[in-house]
Amino acid sequence: MPDISFVLNGKETSYAGSATERLLDVLHNSCCVAIGAVVGSCVVTLEGYRETERYAVMDKAFADVSAVQCGFCTPGMILAAEALLSKNPHPDETEIREGLSGNLCRCTGYNAIIRAVQKAAEEGNGLW
Ligand code: FES
């Protein structure tokens with residue numbers, strides 16, 4: 001079985017396990033995508049994203065509007081928001097809800113999370 005090679009947070013990486021393993025199981029703070037699907041791709045985890053100016057804006061926005069309750073969903077919400085703003089720097093509420101729809105918040109703090117993404121979009125104007 002050939003190694004699975006990809007770039008993880010800017011560094012060349014390879015994995016010698018099964019291509020059907022989930023990134024969640026291999027990287028431990030990730031998603032349900034099979035690792036075989038990221039061959040040759042650049043994968044950015046929250047740890048890598050935290051090194052960016054965009055993260056600082058996003059993190060402050062989540063804190064400012066108290067969008068974190070237990071925090072279980074927060075890494076996924078932040079990375080989904082980053083993906084959304086990368087494609088659409090000025091989303092309306094419906095677009096934000098759609099952009100985050102793959103992530104569940106068991107604390108049901110969706111309204112605050114929506115406000116956090118709106119605030120990040122406003123305050124990070126020009127970063128995305
Ligand atoms: S803040 Fe608890 S799951 Fe979202």
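Everything numeric here is computed off the predicted structure, so don't read it as measured data. Atoms within a ligand are numbered from 1 in the order they appear, just like the ligands themselves.
Distance CG/Leu46 to CE/Met77: 13.5 Å, rounded to 0.5 Å. Of the inter-residue distances, the one linking Ile113 atom CD1 with Asn103 atom CG reads 8.5 Å to the nearest 0.5 angstrom.
For the pair Val26/Tyr15, a side-chain contact is recorded, criterion being any heavy-atom separation below 4.5 Å from C-beta on.
By the 6.0 Å and 45° rule, Arg97 does not stack over the aromatic ring of Tyr110.
For Ser5, the side chain to side chain contact (heavy atoms under 4.5 Å, CB included) partners are Ser14, not counting sequence neighbours.
The number of protein N, O or S atoms lying under 2.8 Å from atom 2 (Fe) of ligand 1 is 2.
Ile96 pairs with exactly one of Asp92, Thr94, Leu100 by the side-chain contact (heavy atoms from CB on, under 4.5 Å) rule, that one being Leu100.
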